[in-house]
Structures are given as C-alpha cells and as structure tokens.
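Working notes, structure below.
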Amino acid sequence: MSFLIGEGMTGGYGGADILHDCTISVDKGEVAVIVGPNGAGKSTAMKAIFGMLNLREGAVRLGERAITGMTPQERVRAGMGFVPQTGNVFRTLTVQENLEMGAFIRDDDFSDTMEQVFSLFPVLAEKRRQPAGELSGGQRQQVAVGRALMTRPDVLMLDEPTAGVSPIVMDDLFDKIIDVANTGIAILMVEQNARQALAIADKGYVLVQGRNRFTDTGEALLANPEVRRSFLGG
Amino acid sequence: DSVNVGILLGFTGPIESITPAMAAAAELAFSEVNESGLLLDGMTIEAVRGDSTCGDAAAATAAAERLVTSDDVAAIVGADCSGASIAVANNVAIPNGVVMVSPSSTSPALTTIDDDDYFFRTAPSDARQGQVVADIVWERGIDTVAITYTNNDYGRGLSEAFTTTFEELGGTVAINAAHEDGRADYSAEVGALAAAGADDLIVFGYVDQGGRGIIQASLDIDAFENFVLADGMFGDSLIEAIGPELDGRAFGTVPGSDLEGADIFLELAEEAEFDGSSSFTGESYDAGALIALAMQAAGSTDRTAIRDAMMSVANAPGEEILPGEIAKGLEILANGGEIDYVGATGVELIGPGEAAGRYRIYEIDDGDFQTIEFR
Amino acid sequence: MPLLYAAMALALILVGVFQSWTVALAIFNLCMISAIMALGVNIQWGYAGLFNVGIMGFAALGGSAAIIVSMPPVTEAWAVGWQGLGLAALMLVITIAAAIFLRRRYSGSGRNILTAAIIIAGYFAIRHFADPATDAIEAVNPTSQGYLGGMGLPVMLSWIVGGLFAAAAAYLIGRVTLGLRSDYLAIATLGISEIILSVLKNENWLTRGVKNVTDIPRPVPDELDLQRSEWFANLAVQLDMPVSVLSSIAVRGAFAVIFIVVLVLIMILCERALNSPWGRMMRAIRDNRDSAAAMGKDITGRHLQVFVLGSAVVGIAGAMLVTLDGQFTPTTYIPLRYTFLIWVMVIVGGSGNNFGAVLGGFVIWFVWIQAEPAGLWLMRAITDTFTFGPAMQSHLVDSAPHLRMLLMGVILLTVMRFSPRGLIPEKSAAKPLR
Amino acid sequence: MIRVEDVHMHFGGIRAVNGATLEIAKGSITGLIGPNGAGKTTLFNCIAGHYAPTSGKIFLDGEEITGLAPHELFHKGLLRTFQIAHEFATLTVRENLMMVPGEQMGERLWNTFFHRKAIAEEEAGVRARADEVIDFLTLNRVADELAGNLSGGQKKLLELGRTMMVDAKIVFLDEVGAGVNRTLLKTIADAIRRLNQERGYTFCMIEHDMDFIGDLCDPVIVMAEGTVLTQGHVDEVKNNEQVIEAYLGTGMKQRPNRAKAGA
Amino acid sequence: MEDILNASLVLANFVIIPSLAYGAQLALGALGVTLIYAVLRFANFAHGDLMAFGTMAVILVTWFFQAQGIGLGPLPTALLALPFGIIAAVLLAMGTDRFVYRFYRKKRAAPVTFVIASVGVMFVYNALTRIFIGTSDIRFEDGERFLIRARESREWMGLAEGLALRSSQALTLVVAIIVVVALFWSLQKTRTGKAMRAYSDNEDLALLSGINPGRVVLITWVIAATLATIAGTLYGLDKSFRPFNYFMLLLPIFAAAVVGGIGQPFGAIAGGFVVAFSEVSITYAYRRVLSHILPEEWMPDGLAQLLSTDYKFAVSFIILVLVLLVRPNGIFKGRVI
Ligand SMILES: Nc1ncnc2c1ncn2[C@@H]1O[C@H](COP(=O)(O)OP(=O)(O)OP(=O)(O)O)[C@@H](O)[C@H]1O
Ligand SMILES: Nc1ncnc2c1ncn2[C@@H]1O[C@H](COP(=O)(O)OP(=O)(O)OP(=O)(O)O)[C@@H](O)[C@H]1O
Ligand SMILES: [Mg+2]
Ligand SMILES: [Mg+2]
C-alpha cells in the first residue's frame, strides 16, 4: 500500500474522458516520475490526484485515508503540495510574498525554510522584492518550486519543474529533489527532461492517451528501448 | 360601474421623490368623487398608475399606450416632466383622442403644441413666472443677481424669461449658470456663483434636488445674502431641511391665487396622510378634480366629450368650487348648473388650455412660508 | 434558438391579445431599436473585446442628427449667426492646421508646450467669433426656436447621418483612447459620453439644448391626418375598428416595417463579417493582443475600425429612436437607460453572437416595459389578498413602481443564472472554458 | 541579416538588457543561451517590436527597424514565438493557425460583405496548409479543440506551428522545446533544419536543452547579465570556462542511484 | 498680509475645504469599489445602492435612537447607529454573494458577466431601499453642524472673509484617512490581507496554498459593505439621503477608482481627490480671490473662470481622460485585466 495513490482514475474536464483507468502511486521517501507525449494526460492525472478535477471513477488515498472528496485546500492541509505546470506564481505578489504564501498554512516560524530556498535559488534572494510577474521564465519556475518547498508537505507534486530553467539550475534542482526525498517526503513529478528525471526516479510511469502504458523502476524504463525511442527521444 | 383614469407620473427616476405625493393628491380628488357617489349616477373612478420615468420618452410612451389602449382610461393625469408630456401627447394621447391634464409640465413649448385641444395643464407656463419673479426682485431694489437653474427645459426656460424681463427693467445678471440635478456635490457651482459679486441668488431648481443642495452649500459658507425662489423650490422640505437659517432671507413665487383653497387643500392632505406642501401636489389634485368635473359636465365618460367640457368647468361663470367641494360641484353640474373650479391652485385655464398663472408671492419667515401678495 | 425567438414572438402576441395590439407594436418597435443598439455594442465587445461604456453619448449624437437633417432651417438665426460661425469655423481650421504644421516642422522639448499654446490661442479666437454669434442665434425667438434649425431633408436620411456623426466622433475618441485597456477604456468612454451630452445640453444654438426640439417630422403619415382622411375612415368601418385604434396600428406598423428592413440589413452585414476571416481575426485580437500583433495584425487599426463601426450602428439606432419619439430631449439620456441597459441586453442575449444580441435587445426591452404593469399587478394581488392598516396599505401602493426595478433585477438575475453565457452563446466557445 | 547594436532595455532600475551587440547571419540557425534572467527574452521582445529599447539600434537586412510595431515586423518577414504560450484561447487549434497568414482578402471588411466566393476559395487554401501543419505537429486529435484547453506542451507546439503558416525570412523561437516531449522535439529539429535548408528561413532560438542546441545551432551566442558573453561553435562555447561557471555547471553529476538506495 | 490671508480664506472656503470633503467622500466609496475589484475582479455597479441600503438601515436605527432620546451630544446620533447599518449591509452583501455571485465564481464566468449580474443586483437593492424607506429626501443629521461658522469666524478674526468648517466635513476626512491607512496596512501586512491579494491574483494557486476561498470572499464583502455604509452615512450626514443620489454618485466613484489605479487603495484616495479638485478648481471663478491680492487696475473684467460650471461634469472627465493618457494604468498603476 503506497502512501499516496490515485487508483483507477477515470475522468476529464466535462467533455470526453481524458484519463482512463489510470493508476499512479508514490511512497514516502520515494521519487516517482510520470513521462509521456504531450497531451497524454500527465497534468490531468496530477490535477485529479489533487482534487482539481471531478473523477468519474477511481479513488485517491493518502496514507490510510480516502481523500477523493476533499477540496484542494483541504488536501493542502492534509499535507500535500503541488506546483502546477502553468500559472504557478502569483504575478502581482513579490517573490518573498510568493514564498510566504507557500507557507500560508504553517503556523511555525518559517524563516529557516525561506533561507534554504534562497540558498538553493540565489537569484530569488536578489529579486525578493520584485513582483513575480516581472521575472524571466526560468526565474518564475524557481519561484514556483520554492513556493512548494515552503509548504513542508508530506507529498510534493511537481508538474515539469525544470521546464525553462538553465542546466546549472536544473542540476541543483534535481539534487535538491533527492535531498527532499531523503528526508522522507514522497515526490511525484511530471518531466519532459525525462532521462535526467528517470535517472533519479524510484518509480516511473509512462502515460499515453490517459492510460498507463509502462510502469517500472526508473532504471528499467531508461533501459527499455521502446520507451527510449518513443518517449525519451532515443 | 366604474371608469379608469390614468395617473402617469415619474414614480421612478430623477423626480421620484416628489411623485408619490402628487399621485396621492390626484387620488384624493378621485376618492372625494367616489365617496360622494354623485358622478354620473354613481359611477366610480378607478385610478390606474403608470410610470413615466420622467426621463425616458420611450418608456413613458409605452406606459401611456398601455393606459390608453389596454386599461382604456378616459383621461390621464400627467405626464410630469415636459419631455415626457410632449412625447406622450404626440405619440399616444392626441392620436387616440385622450385628454391629458399635466400638473407639472411648465415648458413654454407646450403652449404651442398642435394638440387638437386634448392637452391641458394646471401648471402655468414658465414664461410668465419668469416675468413675475423679475418684477418682484426689481421692486425690492435688487439690481444685480446671480442665477442658478436646473439644467432642463424648466430651469432654462425660467432663467431666459427672467433674464429678458430683468434686463429690460435695467437689472444685471452677474452670472447665469446651470446645475445638474442629482449630483453629489455643488461646491463648484456655489464657488462660481459667489465669485460673480452678486449678493442675491436666484434659484430656479427643485426643492428636493440640486436647488436645495445649492442653497445648503451657499449657507454653509455664507456666500449669499438673499435667495429668490420659484415654484420648484416651494415645499416644506426646504424649511425642514435647512431650518431657521433661511428666515427672512428667502422669497419667491408659487402658482396660486387664493390662500383659502391652498389651506383647505393642506388640511385635506394632512387627513389623507401625505405632504400637501410638496411640489405640484395642489396641481395634481386640481388635475384629478377637473377631469371628474368635466366628465360630469359632459354627462359621459367619452374622451372627446371630456375634452369639450374641460374649459367650462375650469373657468367662470359659475359657482366657485374649492378643494373638498368636489361633491358640491358634481351636484351643481348634475342639476344643469355651472361651476368655476378654483381648487387648490386657483385654476383658471386660458387660451390653449393651460393655467393662467396667478402667483402667490411668499417669504420664508418664522420657519414657514408667509404669503405676501398675489399677482 | 428558433425556439427562443418563437417564445419572444409569442410573448408579444400575448401582449397584443391581453393588453392591446398598439402596445404590442409599440414594444416591438422599440425592441428593434434596442436590438440594433445591442448589435452595435456586440460588434465592439463581442467581436473585439472593447469595453465601451459610452453608448449613451453615441446614441445621443445619432439622435441629434435627426434635428440637423430634418427640422426646417431657421432663416433668421442663420442670418444673424452665419458670419460669426463661419469665422469661428475658419479659426478652427487655422488652429488645427497650425498645430499640425508645427508638429511636423519642429521636434524637441518645446513642441508640446507650443502646441498647447496654439490650441489655447485658437480656443480663444474661436470663442471670440462664436460667442456673439451663438448669443444672437439663441436670442431669436427663444421660446420656440433660438437655434439654427436643420436642413429640412427627409428624416430617414438622418439615420445614415446619425451613423456618420457617431462614427466621426468614435474615430476621434478612438484615436485618443484605444490604447487604454479594458476598465480604463471603459471609464474614458463613460467620461466622453458625458462630455458629448454636456455639449448637447449646453450648446443651445445647435440643438436647442435642454429646451428640447419637438415635432420632428416622421417618415410615416400622421395619425390625425389618417383619421381625417375619408378612405381611412371607410377602411376602419370595413374592418370594424375604431378609427383612432386603426390609425395607431397603421402608423406603428409602418414604423415596424421600416425598422425590420434596417435591422435585417444590419444583421446580414454583421453575420457576414463575423463568420469570415475578419471575424476570426477579431476574436483572435480579443483573446490575445500581443500575440495577434506578433502575427501581423494591426491591433490599433482594427480596434479603431470596430470602434467606429459599432458606434455608427449605435448612432443609427439613436437617430431611429429620436425619429420614433418625434422629439430630441437631451436630459433623457442617462447612463442607466442608454448604456447599462444596452449592456444588459448584450450579455443576457449572448455576447459574440449577433442573434443573441438581437434577442437580448428584444427580451430586455420587453421586460423593462412589462415589469411596470407586472409590478402594479403584483402589488394589487398582495394588497387584495392580505389586509393591512391604511398606512401600510398606502405605503405598499407607493412602493409598487419600485417592484418594476425589483422584477427587472430578479428576471435579469434569473436569466443569467440559467444561461450565464447568454441565451444564445457565442458559437465557437461551445465547450466550457476553464 | 539581423544586427543588434548596443541595445539597452531598462525597467526602472533593472537593466534587463545592458548593451547587447550581436549579429545573426542570413541562413543560419543561431542559438541564444544564457542563465535565467540573462535578458534573452527581453532582447527578443526588443527585436520583435514588443518593447522599444531604451537605447541602441536594430537592423534587419541593413534597414533600421528599431521601434517598429510587431505587426509591421511581421510583414517584413520577422516572426516570433512566446516563451509563455500566447494562444488564442477561444479559437480552435485550426483557427489559431488559419488566422496567421497576413494580407488575407477575407480580413478586409468590405470583402466579407461582397466577395464571399473569392474568400471561400482563399480559405480552402489556408485550411489545407493549416491541416498540414496540424499533421506535422501531431495535433490532429485536438484540431477542433479550443486552444485554451490544450495541454502545456501542445500550446508550445501550436506556437511553433504558427510560424510555419507563412513564408518567413527570420523566425525567433523562445524556448519552443521547454515542455515538449523529447521524441517530438527530434522531429521538430528536423523540421527546423528542413525549413532552413529548403525554404531559406533564418532561425534564432533560445533554448536550455544543450542537446537540442548542439544538434541544430551554429553559431551559439551566450548572454549573461544583459550582455553577450561569448559566441562561437557549440563545442567552443561548451568548453568556455565562463559559460560553464555561469550556465552549464559541471555537467551530469553522478548521482547515487535512488532505486537502489531506497530499496 | 491681510490681503493674502483673505485670499487664502476664500480659496479655503470655496475650493480647498469642499474639495477635500467631497474628495474624501468619493474616496471612501472608491475604496469599496476598488477592493471588490481587486479581490473579486469585477466592477461592482451595485456599490452605490449598497451604500444607500446601509445608510437606510443607519437612518432607521437613528430614528429609533432619537425617539428613545439616546444621543451622542455634539456628535450625530447616526454614528451610534452606524454599527447596526453596517451589520445590515454586511448581511445583505453576504446574501447576495451566496445567491448571485458565488454561482458565477464556480462557473468561472468572465468578469463582464459579474458586472452585468451586479447591474441586476443594483436593480434589486434599488427597489429594496425604496420599498423600505421611500424615495424622498431625508435629513438625519443632528448634533453640532459646524465646527467653525463663516460669520462668527469673520467677526472673531476681524477679516473680510470668514472660514466655514462643518463637523461632517472634518469627520469625513478623519474617517477616510483612518480607513485607508488601516485597509492598506491590513492588505499588505496581515495574513488575511495577503491571502486576499493572492486570491485575487490567481485563484487556483491560492487553493494550492491552502487558502480558503470562501473565507476570503466573505471577508472582502464584509469590508466592502462596511466601507459602503460608512461612506454612505458620511455622505448623507454631509448632504442628505436620497436613494437616487447614491446611484448618481456611482459615476464619480468609479472615475476616482479607475483614475487612481483600480485595485489600489491609495489610488482610490488619490483618485477621489483628483476628481473632486478638478471639478471644483477648474470651474471656480477666481475673481473673488484675485480681488484681494491684485491691485484695482489689474482686475480682469470677467469672472476669471477657466470654464463655466455648465461643463463641470465634463471637465472632471476631461481631466480623467488626460490623466489616463499620461498614465494609462492610473496614478498608482492599477492592475489590468
Ligand atoms: N517587465 C519587467 N519589469 C522588470 N523587470 C523585468 C521585466 N521583464 C524582465 N525583467 C527582468 O529582466 C531580466 C531578464 O529577463 P528575461 O526574461 O529577458 O530573461 P531570460 O534571459 O529570457 O531568462 P529565462 O531563460 O529564464 O527565460 C530578469 O532579471 C527579469 O527579472
Ligand atoms: N481545461 C481543459 N479543458 C478541456 N480539455 C483539456 C483541458 N486541459 C487539458 N485538456 C485536454 O486534456 C488532454 C491532456 O492534457 P494534459 O494537460 O493532461 O496533458 P499533458 O500530458 O500534461 O501534456 P504536456 O506534456 O503537453 O503538458 C489534452 O488533449 C488537452 O487537450
Ligand atoms: Mg502537462
Ligand atoms: Mg526567457
């Protein structure tokens, strides 16, 4: 029994179903990566797990609890964190305020965590008083990830965290993700930089047209020639 | 048996604050008729209200159309604002041959309207009042004035009539500026008016509207000595709102010839629980009464017959009829006699079917309107 | 959609049966004018996303064309005023020419100040010639004239002229304000419509200002003339109808026919434009200006185009309305009636869809008018069923007119509740958008 | 083809572009790389007319184009995509593509009233071309979907697709690759190469995927802190000390294998 | 010296004090509009009528207090009744949100849908207020009307001109300043304020941060209704209560909110004063001011008025348009949607 599991999820945005009996799970301390072609339903699966989509069938469980009916903000309080693919920063709030919003549900002193985020992404410290809407694409992505890290969740869900960030930052980011996972947090992420992502993944899912196509360890998927050819760019 | 009579007034919109009392006044006249049971062998009058909105000619026309064709009214009390009156007269009343008696349209343009004699009003044309105001101002030895008028045909017409007479008399108008009703603030207007150097301000506005706002603002910063008012400014709410500060500092005109009629009307209004001193209530009462009396004189509720009987009941010769005496009038008419309806405002219809324009000159003192004279 | 239109037709027919046919026709005519105005707004908002809250100004401007085209000229006023006005116009031309010349010739820091100086000087020069002339004109027979009058041409011509007036104003306004974004554009247009209205109210020499112009000629016969003519009286006898009723129906029917022709014509053009690459381009611009610009579309140019077109349509409707009313009363132009109500029509009908906008015009006007008797009826029903003290009773009766507003609001909210994207939503956006 | 001379773009006190000078050769596929916030997108925006630069000059084929409006530049053959997708949300994917060609006669209002036949013919042509592009980008399944409902990557593809609707001289691509599936990215690379060779398009592309850049681009320009750091062939650039320090990092680190570590 | 004093007294009496008070009234109204706009992202056309409704409740309670002989001495009794009016307005606003706006929020309707819905709400409020209290003009001010009276101050200072300052004017100014500072501070610094700003920026992401949208919306309406009632009551105290005027007040209020930069609390204040000052100062006839400081022979013939008050409303809007042309997003650079 995994810590977080979306089981047999079927549903869509009101029109035709996007997800068909799709199952995704991740355990504490694990990194799970979802890959697949564009429009496969990866982001949709993430949203479904986070309760931003009505599921026709299937269930989501966190720990031992069934959370299928919870609203997103309740899931946040239940210990889940999410960085969506688009629209993932508050554009009119400053960088610092964005990070503070990440810690919205925390009542303790979060200045430590903020310092950690700043040391991970030094540009953000520099730009802490600038509205996030004025940042460059890659800087925004860093704000978004930083915001999620502020939450100190039990499960961290990241939708393409490395899109648009420079190689050096991407490296640091992957390192950080490993660190975070090592503290016992479950990490579920969608990645198009799939080879790097699968390299650090305990578990990998290949989604195609809303269905689980391959599910295996990261290593095994990387080694699978069909997966490499069709989904990882050879 | 009953007959419908329309009451077409601006229940919503810019003059909505004075219409309920106007409608109540007209209905007071009808209920007097109905209680007497003397109209056309016990016929009763059923008042049907319609909303002219004052502003929107199209809505006014639609409401009138409904009154005339659907409710089949024999005549209409209304409309109120001159624009609405003209639209209703031209588009509905005249084509359908329905009598309109407007209690408050004072635009000079209505004097010359091609109305096939269906349009009457118990309010006089502004052209006359402007002259009267100019005369009394001049007689009091005031030779320089500032004018503020509400920016519509009423205010503008009055100010033009006043200016013409006043300048002929030798007076000077230091500044003549419009104000819009319903605005949030009138400091700018008062500032400009006060700077012109006149000590006295003529206010051609409405008592519940910009006119009062301007007087209030002027008093607050002590900008003028005296205020000259016209009929639109006549109303207890002026005194209530502003209080004793106006005592001895304001005078003006309001249509009316006889103190007696007006006083009786005030009492009647008090019994009927509405404010009889509010603008155009007397005129509304008279409009309603005239319609009923004309029906009686015509001996039928036929629309054209009502029109033809109108002038004879309103004017001499005949027994004078005051407010509260409608029953008496009905009786006289039923017996084939003649009456001269005087009513609350001293009705006297001239030429094209409008009030002749006798005015009561008043002064505000001791917290009330004090009558000085009539002319 | 046909169902909704049929329901609307049924509603009008019911009015005809239960109230009277003249009422139904009168409502129908104004429905059509409203529909045209709504189309104008739809062109701007539905096609291009321009938030114009200055409808009132364009409608009034269009309306003023009816005076200028159709009223007989006041020769006396022309005689006293033409020289002054001519000189003032000359000054205006000179000022503009000088300003343009200056801006072409000089560049640099002093340029704006110099232009401002020229414009101010020009303003005083214009006032110098115009003021005495306008005073003289306004002094000509002020109770019934006091203005220049019009050109004495057929009033239907004024519909086109009204459109042109509105278009010209929209061009000038658009040149200045179209750079602004949504809400800022809205408040700017709102302000400008108030400015237009101030001018129409205060420039008495031009349109008589608040003193109103009445008896504007009509494109249809006069009821009284009809009633007096013999053949018509005979017709009435044949049809077994009172002659006054028949004359009202005939006149309103004639108006209706003309209005239908105009509405259908405008509708055809609107539909063709919307369902073409042009319409696609406009929707693209509405969705994302930056991207449309990068795809080679001239945003400002196109915005100006639809702004002018939409305003022209509103102007046409404004002129038609004045023609129908037979009078021009500037004080009647208030934002609630001429701006917000039209917007309500567009949104309730379905913005971006011409048929929706037209239906919205019909429905909302119908409700606006019928809410009044409905409110009275409701209050009567209440006071008849329950008994109250006399004070309460009279208070309730006095409240009846306000039920009109209440009903209007409730109906509007109900309709929007059940079709939040309008009765007939925009076609391409058939799927829900997140 | 494009020459940028000492361009500055300042936002208040922030100097996003601070004296950039560079040249893009005709017929090349030039890569533009640099750390996040180096000013690459801002420079694109200056070139494409989205911003008027604070100072400096920009030339296209020797003609100065500084401060021209985006739509004017489009008609001069200069196209760009947006880093953050700017789709037309209430248009379908196909309509998104069909609206691109400039000078369509159906975009003139007068013609829509009176030349409906000719417009219909023209539309058929545009539609055919749009369908080709849709095929190529594997967007068939969503061709009639509203663009606002596309997935993140699909929007990116649409951005690219729009540049393929017309014959451009020079195309600026701002991170078309970010969020696009790597297998598809290979096909896109092929297409770019083909457009470059067969139709003579010049490309300038911002990208963070060094494989993609290495595969396609020559030369590569590196920006940092608003100015050009260096420029040259990919291999030179990759080995440039400054570039490694500021941008590339030390390359793929050897990470502990998580799957084993976790087990 | 005395001349200059006289001139500045005239200026203060006719231009500065009225504009300040009027500006503050507009500003308070604009604050409410701007807040709704900032958080819920639509222009609330019902705000004027919400003001009227709240004020109506205040008046009814004031009458009750007056009948009971409860008062505040020199201060108007209405202040005592204010909390009750606020509660009424808050309840109304919350009910409206529950039955009208919430639905559209769930549907994620376009902002213009909200705007038009607010027009519908405006009709309903409009009717409610009139049905409850009628349409007539009501004065409910009691207590001391003036802090300084023109005549008395003139005698007391021994100058040709006096100074007039009404208590309601002073009250309005003080309240406006307190309210805007409090609002600004709470938006910038408190957790709830930040949640409101975050929600307004990106609703989805706010959810992901654990913000409870229902609470944010609720608080927004509570504040907006409170502001509306305060603004309406102060305006009513200063002038008088007439439902129709509150509707008409909407235009300048919107103008103020937009010119200041919509969504910006300080912008609303600045906008209010820009509108008020431009209305008053441009159409003011400076003749009387000049008469104190210019020598006889320099006095201009006319009124020294830039533009006639006929164009007062137009002028303030021309200024608005000019401000927008120079600063397209308003003085404080408000948000654009
Ligand atoms: N509108 C703006 N206002 C203020 N600063 C801005 C604005 N736009 C960009 N900047 C700043 O300018 C710098 C350069 O931004 P730009 O978007 O050009 O970076 P980039 O090189 O494209 O980065 P990335 O690879 O992350 O997309 C950044 O530091 C950013 O914060
Ligand atoms: N809001 C929406 N409404 C309707 N359909 C949507 C919506 N969002 C996405 N879709 C559709 O759902 C499908 C899956 O989208 P999703 O965003 O999950 O893809 P993805 O796997 O994340 O792709 P990418 O790698 O490109 O981000 C797509 O075909 C898309 O068109
Ligand atoms: Mg995705
Ligand atoms: Mg960038």
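Throughout, protein chains are lettered first and strands after them, A, B, ... in sequence-line order, and every chain is numbered starting at 1.
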For the interface with chain B, which of [options] has the highest count of heavy-atom pairs at distances below 4.5 Å?
{"options": "C/Leu30, C/Thr329, C/Asp222", "result": "C/Leu30"}
{"options": "C/Ser248, C/Gly146, C/Ser244", "result": "C/Ser244"}
{"options": "C/Ala400, C/Pro373, C/Ser247", "result": "C/Pro373"}
{"options": "C/Trp368, C/Trp365, C/Phe18", "result": "C/Trp365"}

Using heavy-atom distances under 4.5 Å, tell me whether [X] contacts chain B through its side chain, its backbone, both, or neither.
{"X": "C/Asn204", "answer": "side chain"}
{"X": "C/Glu138", "answer": "side chain"}
{"X": "C/Leu324", "answer": "backbone"}
{"X": "C/Leu224", "answer": "side chain"}
{"X": "C/Ile369", "answer": "side chain"}
{"X": "C/Thr22", "answer": "both"}
{"X": "C/Asn202", "answer": "side chain"}
{"X": "C/Trp21", "answer": "neither"}
{"X": "C/Asn212", "answer": "side chain"}
{"X": "C/Pro242", "answer": "neither"}

Pick one of side chain, backbone, both or neither for [X], based on which atoms fall under 4.5 Å of a heavy atom in chain C.
{"X": "B/Glu27", "value": "neither"}
{"X": "B/Thr164", "value": "neither"}
{"X": "B/Thr69", "value": "both"}
{"X": "B/Ala63", "value": "both"}
{"X": "B/Ile113", "value": "neither"}
{"X": "B/Asp71", "value": "neither"}

Any ion pair linking B/Asp51 and B/Arg66 (charged N to carboxylate O, less than 4.0 Å)?
no
Between C/Arg252 and C/Glu223, is there a side-chain N and carboxylate O pair less than 4.0 Å apart?
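Yes, this pair counts.
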Could you check whether C/Phe255 and C/Phe259 have their ring centres less than 6.0 Å apart?
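Between C/Phe259 and C/Phe255, the centre distance is under 6.0 Å.
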To the nearest 0.5 Å, what is the distance between CD (C/Gln327) and CD1 (B/Ile86)?
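Separation between the atoms: 5.5 Å.
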Can you tell which of [options] has the highest number of heavy-atom pairs within less than 4.5 Å of chain C?
{"options": "B/Ala127, B/Ala87, B/Ala64, B/Ala60", "answer": "B/Ala87"}
{"options": "B/Asp181, B/Asp56, B/Thr12", "answer": "B/Asp56"}
{"options": "B/Thr112, B/Asp126, B/Asp116", "answer": "B/Asp116"}

Between B/Asn152 (side chain) and C/Val210 (backbone), is there a donor-acceptor pair under 3.5 Å?
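Not at all, since once roles are kept as given, no pair shorter than 3.5 Å links the two residues.
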